[in-house]
Student: 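Structure incoming, see below.
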Amino acid sequence: VLLNAQSIDGTVRKNAEESLKQFQEQNLPGFLLSLSGELANEEKPVETRKLAGLILKNALDAKEEHRKFELVQRWLSLDGNAKSQIKAGLLKTLSSPVSDARSTASQVIAKVAGIELPHKQWPELVGSLLSNVHQLPAHAKQATLETLGYLCEEVSPDVIDQDQVNKILTAVVQGMSASEGNTDVRLAATRALYNALGFAQANFSNDMERDYLMRVVCEATLSPEVRIRQAAFECLVSISSTYYEKLAPYIQDIFNITAKAVREDEEPVALQAIEFWSSICDEEIDILEEYGGDFTGDSDIPCFYFIKQAIPALVPMLLETLLKQEEDQDQDEGAWNIAMAGGTCLGLVARTVGDDIVPLVVPFIEENVTKPDWRQREAATYAFGSILEGPSPAKLIPLVNVALNFMLSALTKDPNSHVKDTTAWTLGRIFEFLHGSAVDSPIITQANCQQIVAVLLQSMKDTPNVAEKACGALYFLAQGYEEVGPSSPLTPFFQEIVQSLLTVTHREDARESRLRTAAYETLNEVVRCSTDETAPLVLQLVPVIIMELHNTVEGQKLSSDEREKQSELQGLLCGCLQVIIQKLGSSESTKYLFLQYADQIMGLFLSVFACRSA
């Protein structure tokens with residue numbers, strides 16, 4: 001039946017799933033016992049053992065809270081004898097020569113422990129796992145350490161008493177040590193430590209134990225095996241947020257290790273090394289925001305200003321990473337690489353130290369922004385965009401005033417798409433943080449407003465990724481004029497802006513890079529921040545959007561991909577109408593004119609509800 005449940009033939013598969021379901025409903029203890037028997041049986045094929053374990057695991061846990069509670073109650077009320085046999089079978093499978101079977105058993109044991117340990121059941125589990133760790137063969141050690149890791153992920157720290165925590169940490173640290181010859185064991189131990197860190201509060205409060213744990217983790221970052229180095233840096237990232245206040249004695253050594261990894265190691269390791277510093281920034285930003293730099297005793301954790309002290313070395317290291325771009329990162333929505341991680345970290349550093357970062361970054365920008373190699377121009381632009389949140393307007397506005405014309409020109413004339421993409425993003429950040437009623441000296445004036453609008457509208461015809469960033473810049477440009485009173489500097493361009501945005505929404509390639517969504521979000525913001533003098537133009541927009549929405553509810557037969565596209569579009573158009581209704585409904589004169597469309601809009605909203613994918 002388990003083999004059939006994985007058949008390529010739909011009918012065979014359906015019948016098998018039906019049989020499994022019947023067996024489960026008629027005789028749950030028998031069903032679960034035979035699953036654990038299948039998983040433990042070395043004669044059986046690996047794919048059925050794995051599936052048996054998976055079904056067993058799903059019988060113990062569910063994402064949905066209500067269902068999870070039911071499954072837990074069901075297991076707890078199971079016959080004790082059956083439960084003991086199942087657990088014995090699972091523990092036995094940890095020493096199976098088949099890695100898939102061991103790994104599946106590890107996960108199931110952790111699920112059972114997650115149910116039983118809080119109820120003070122299966123007290124001997126940790127002891128029996130620990131006795132496994134000290135025995136060979138290596139594959140059984142590896143599986144046991146993996147189980148301890150999953151166990152720490154499943155249960156909360158108060159469930160395991162400190163004496164057992166100490167023994168788990170000892171076993172894990174021994175498994176990580178260089179004297180352990182087997183790479184798989186060391187990797188499983190390092191990953192287990194990652195999950196066990198939350199249990200180590202007492203150990204991190206003891207200087208000797210903490211020194212020892214930190215030494216072991218730092219040594220593992222130098223392992224010859226890349227997966228172990230990555231896992232060790234993941235431990236450091238977790239320690240940086242969980243035990244921030246304990247890091248001072250180690251921070252210099254950690255800087256040296258991370259800097260070497262960022263410059264020389266493989267990407268997955270380098271990314272975690274950068275993440276360590278991003279995580280320290282997050283901690284310090286939180287502390288500084290919460291206590292406003294005023295530590296008069298009510299702060300639980302003082303700020304150690306690790307970032308402020310590190311910037312002379314940290315910032316140059318991050319600037320180097322910006323030159324390691326990937327050719328196609330702008331087209332790929334989920335892209336993440338060293339350059340992006342470095343820029344993100346630089347942005348967090350700017351928020352942590354404020355003005356102090358500016359003199360460290362400006363020379364890099366000046367040196368690279370006009371270079372013939374696109375990587376240097378893009379990195380300089382990215383560096384500039386990254387430091388616009390954090391430092392004071394007084395420090396940044398003089399730079400922006402110098403850079404603005406250059407950037408507007410780059411957005412239309414630079415031959416490289418990456419550079420244009422980042423330039424548009426940086427303009428958006430300038431308008432987001434340094435433009436608006438809160439900023440004293442305006443960067444946008446009568447003199448340059450028209451040029452800015454013209455460049456952004458031109459840029460909205462560029463490739464989807466550049467056009468999407470140009471929409472974003474226009475969004476913040478409009479938002480900055482939200483509070484300006486009866487007349488907005490954007491009023492003369494209102495008609496043209498709206499028309500350009502509508503044109504973008506009809507582009508053939510508007511689904512790439514979230515372009516259509518960005519265009520509607522920007523249109524909404526332009527409408528929301530418009531003033532009374534453009535109300536007649538907003539009114540003219542109503543029948544246009546009504547017509548578009550009407551076209552999506554016409555009863556044509558759609559493929560599932562088109563249906564998804566259609567419901568996405570309906571969502572965007574309904575959102576747009578919502579903003580228009582709020583805008584026109586907020587003043588008496590426009591409200592009266594808008595009423596002529598109310599019935600029609602109401603009818604359309606009801607038709608949208610009637611669409612099956614709405």
Side-chain angles (χ1 to χ4, degrees), residues 149 152-153 157 190-191 193-201 203-205 210 213-218 220-222 228-263 265-291 299-322 336-354 356-357 386-387 389-390:
C152 292
E153 208 176 3
T190 311
R191 288 179 175 163
L193 179 63
Y194 177 84
N195 287 325
L197 283 167
F199 291 70
Q201 296 285 353
N203 314 83
F204 263 83
S205 302
R210 181 178 66 245
L213 283 165
M214 291 300 290
R215 195 175 82 230
V216 170
V217 174
C218 289
T221 64
L222 308 172
I228 293 177
R229 296 199 298 278
Q230 182 183 346
F233 274 112
E234 284 170 3
C235 288
L236 278 180
V237 172
S238 174
I239 289 167
S240 70
S241 60
T242 315
Y243 300 110
Y244 166 83
E245 73 283 6
K246 302 272 193 265
L247 281 176
Y250 317 104
I251 203 82
Q252 184 60 55
D253 289 338
I254 294 175
F255 180 81
N256 299 337
I257 296 169
T258 50
K260 190 171 159 50
V262 170
R263 292 194 168 109
D265 211 328
E266 293 177 45
E267 184 172 85
V269 183
L271 286 173
Q272 289 303 320
I274 296 171
E275 187 58 37
F276 174 84
W277 293 101
S278 292
S279 173
I280 295 283
C281 288
D282 284 334
E283 291 303 308
E284 298 199 342
I285 289 167
D286 281 351
I287 295 169
L288 294 169
E289 273 179 3
E290 201 170 328
Y291 304 109
S299 153
D300 319 338
I301 298 178
C303 183
F304 287 98
Y305 297 100
F306 292 137
I307 300 295
K308 201 178 169 73
Q309 292 161 39
I311 51 172
L314 178 61
V315 170
M317 171 183 94
L318 293 173
L319 291 171
E320 276 175 45
T321 65
L322 301 187
W336 186 246
N337 56 46
I338 291 198
M340 296 168 85
T344 302
C345 188
L346 194 63
L348 289 165
V349 172
R351 286 176 54 201
T352 311
V353 303
D356 294 352
I357 197 171
S386 297
I387 62 166
E389 183 186 10

Student: Side chains of residues 336-349: which donor-acceptor partners sit under 3.5 Å, not counting sequence neighbours?
Tutor:
| residue | atom | partner | partner atom | Å |
| --- | --- | --- | --- | --- |
| Asn337 | OD1 | Ala339 | N | 3.0 |
| Asn337 | OD1 | Met340 | N | 3.0 |
| Asn337 | ND2 | Gln329 | OE1 | 2.7 |
| Thr344 | OG1 | Met340 | O | 2.8 |

Student: Ignoring hydrogens, what is the shortest heavy-atom contact between Ala310 and Trp277? Give both atom names and the distance.
Tutor: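 Result for this residue pair: CB-CZ3, 4.2 Å.
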
Student: Could you measure the distance from the SG atom of Cys235 to the CZ atom of Phe276? Nearest 0.5 Å is fine.
Tutor: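 One finds 12.5 Å between SG of Cys235 and CZ of Phe276.
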
Student: Once side-chain hydrogen bond (donor to acceptor under 3.5 Å, both in side chains) is applied, do any residues pair with Arg351, and if so which ones, sequence neighbours excluded?
Tutor: none

Student: Which residue pairs pass the salt bridge (Lys or Arg N to Asp or Glu O under 4.0 Å) test when at least one of the two sits in residues 311-320, sequence neighbours left out?
Tutor: Arg263-Glu320

Student: Taking the side chain from Thr242 and the backbone from Ile239, do they hold a donor-acceptor pair closer than 3.5 Å?
Tutor: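 Between the backbone of Ile239 and the side chain of Thr242 there is no qualifying donor-acceptor contact (under 3.5 Å).
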
Student: Nearest 0.5 Å please: distance from the CE atom of Met317 over to the OG1 atom of Thr258.
Tutor: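 Met317 CE to Thr258 OG1: 5.0 Å, rounded to 0.5 Å.
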
Student: Could you tell me if the side chain of Ile257 sits less than 4.5 Å from the side chain of Cys218, heavy atoms only?
Tutor: yes

Student: Could you pull out all donor-acceptor pairs under 3.5 Å where a side-chain atom in residues 279-288 meets a protein atom, sequence neighbours excluded?
Tutor:
| residue | atom | partner | partner atom | Å |
| --- | --- | --- | --- | --- |
| Ser279 | OG | Ser240 | OG | 2.6 |
| Glu284 | OE1 | Ile307 | N | 3.4 |
| Glu284 | OE2 | Tyr244 | OH | 2.7 |
| Glu284 | OE2 | Tyr305 | N | 3.4 |
| Glu284 | OE2 | Phe306 | N | 2.8 |

Student: Quick check for you: to the nearest 0.5 Å, what is the distance between Ile251 atom CD1 and Phe255 atom CZ?
Tutor: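 Nearest 0.5 Å value for the CD1-CZ distance: 10.0 Å.
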
Student: For a quick test of reading the model, state the closest non-hydrogen atom pair linking Arg210 to Ser205 and the distance between them.
Tutor: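 Residues Arg210 and Ser205, closest heavy atoms: NH1-C, 4.1 Å.
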
Student: Tell me, please, which residues at least two apart from Ala220 pass side chain to side chain contact (heavy atoms under 4.5 Å, CB included).
Tutor: Met176, Ile228, Ala232

Student: Tell me the side-chain hydrogen bond (donor to acceptor under 3.5 Å, both in side chains) pairs involving residues 265-274, sequence neighbours left out?
Tutor: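 Of all non-adjacent pairs touching residues 265-274, those that pass side-chain hydrogen bond (donor to acceptor under 3.5 Å, both in side chains) are Arg229-Asp265.
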
Student: Side chains of Ile387 and Ile357: closer than 4.5 Å at any heavy-atom pair?
Tutor: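 Yes. Closest side-chain heavy atoms under 4.5 Å.
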
Student: Sequence neighbours excluded, which residues qualify as side-chain hydrogen bond (donor to acceptor under 3.5 Å, both in side chains) partners of Glu234?
Tutor: Gln230

Student: Of all residues at least two apart in sequence or in a different chain, which pass the side-chain hydrogen bond (donor to acceptor under 3.5 Å, both in side chains) check with Glu153?
Tutor: none

Student: Using side-chain hydrogen bond (donor to acceptor under 3.5 Å, both in side chains) as the criterion, list what pairs up with Thr352, not counting sequence neighbours.
Tutor: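 Result, side-chain hydrogen bond (donor to acceptor under 3.5 Å, both in side chains) vs Thr352: none returned.
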
Student: Please collect all salt bridge (Lys or Arg N to Asp or Glu O under 4.0 Å) contacts where either partner lies in residues 338-349, sequence neighbours excluded, each pair once.
Tutor: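 Those involving residues 338-349 do not exist here.
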
Student: Please give me the minimum heavy-atom distance between Ala350 and Ser386, naming the atom from each residue.
Tutor: CB-O, 4.0 Å

Student: Whether the side chain of Thr321 engages the backbone of Leu318 through a donor-acceptor N/O pair (distance < 3.5 Å, no angle test) should be reported.
Tutor: yes

Student: Holding to salt bridge (Lys or Arg N to Asp or Glu O under 4.0 Å), I want the full list of residues that pass it with Lys260, two or more places apart in sequence or in another chain.
Tutor: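 Checked Lys260 against salt bridge (Lys or Arg N to Asp or Glu O under 4.0 Å); matches are Glu264.
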
Student: In Å, rounded to the nearest 0.5 Å, how long is the span from CZ of Phe204 to CG of Leu247?
Tutor: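 Phe204 CZ to Leu247 CG: 8.0 Å, rounded to 0.5 Å.
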
Student: Distance check, rounded to the nearest 0.5 Å: Leu236 atom CG versus Glu275 atom CD?
Tutor: 12.0 Å

Student: For Tyr250, which residues count as a ring-ring contact (aromatic ring centres under 6.0 Å, His included) partner, sequence neighbours excluded?
Tutor: none

